[in-house]
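Okay, structure first, notes after.
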Amino acid sequence: MLRVMSASPTRASYAELAPSDASELEARSEALGRAFIDQGITFRCLARKRPFPLDLVPRVISAAEWSRLERGIIQRVKALEMYLDDIYGDQEILNDGVIPRR
């Protein structure tokens, strides 16, 4: 579970990253991308294997923003669980033609 950060962790993140120049941050990003590829944390786009995107700098959001995001995430996880339960069970989604069997 993500936690909402207070101003103190935000300052700590800034203090850690402020001395870095653009080339150092780019090098860190490239190293992270290589590590993801090495570990298989990838997706394919146009037949090319790409590392899963991850921001080096954490996104700090308000509690109200997180509350809205959390509701959407919970909704989508429930929908995914229902889909998986059906596709590995009764397969109504296939029988009804919503998704082709192929």
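All values below come from the heavy atoms of this structure, side chains included, with hydrogens, waters and symmetry mates left out.
Cluster annotation: Phe52 is not connected to Ile37 through the hydrophobic network of ILVMFWY side chains, with a link wherever side-chain heavy atoms come within less than 4.5 Å. In terms of hydrophobic clustering, with Ile, Leu, Val, Met, Phe, Trp and Tyr side chains grouped at heavy-atom distances under 4.5 Å, Leu54 and Leu56 are assigned to a common cluster.
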List the atom pairs, donor and acceptor, that lie under 3.5 Å between side-chain atoms in residues 86-101 and the rest of the protein, sequence neighbours left out.
unit_1	atom_1	unit_2	atom_2	d
Asp86	OD1	Gln91	N	3.4
Asp86	OD1	Glu92	N	2.9
Asp86	OD2	Glu92	N	3.2
Asp86	OD2	Ile93	N	2.9
Gln91	OE1	Arg101	NH1	3.4
Gln91	NE2	Ile87	O	3.1
Asn95	OD1	Arg101	NH2	2.5
Asn95	ND2	Asp90	O	3.4
Asn95	ND2	Gln91	O	3.3

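Counting only residues at least two apart or on different chains, the side-chain hydrogen bond (donor to acceptor under 3.5 Å, both in side chains) pairs with a member in residues 28-54 are Glu24-Arg28.
Closest heavy-atom contact between Pro51 and Gly33: CB-O, 3.6 Å.
Residues that satisfy the side-chain contact (heavy atoms from CB on, under 4.5 Å) test with Ile74, not counting sequence neighbours, are Glu70, Lys78.
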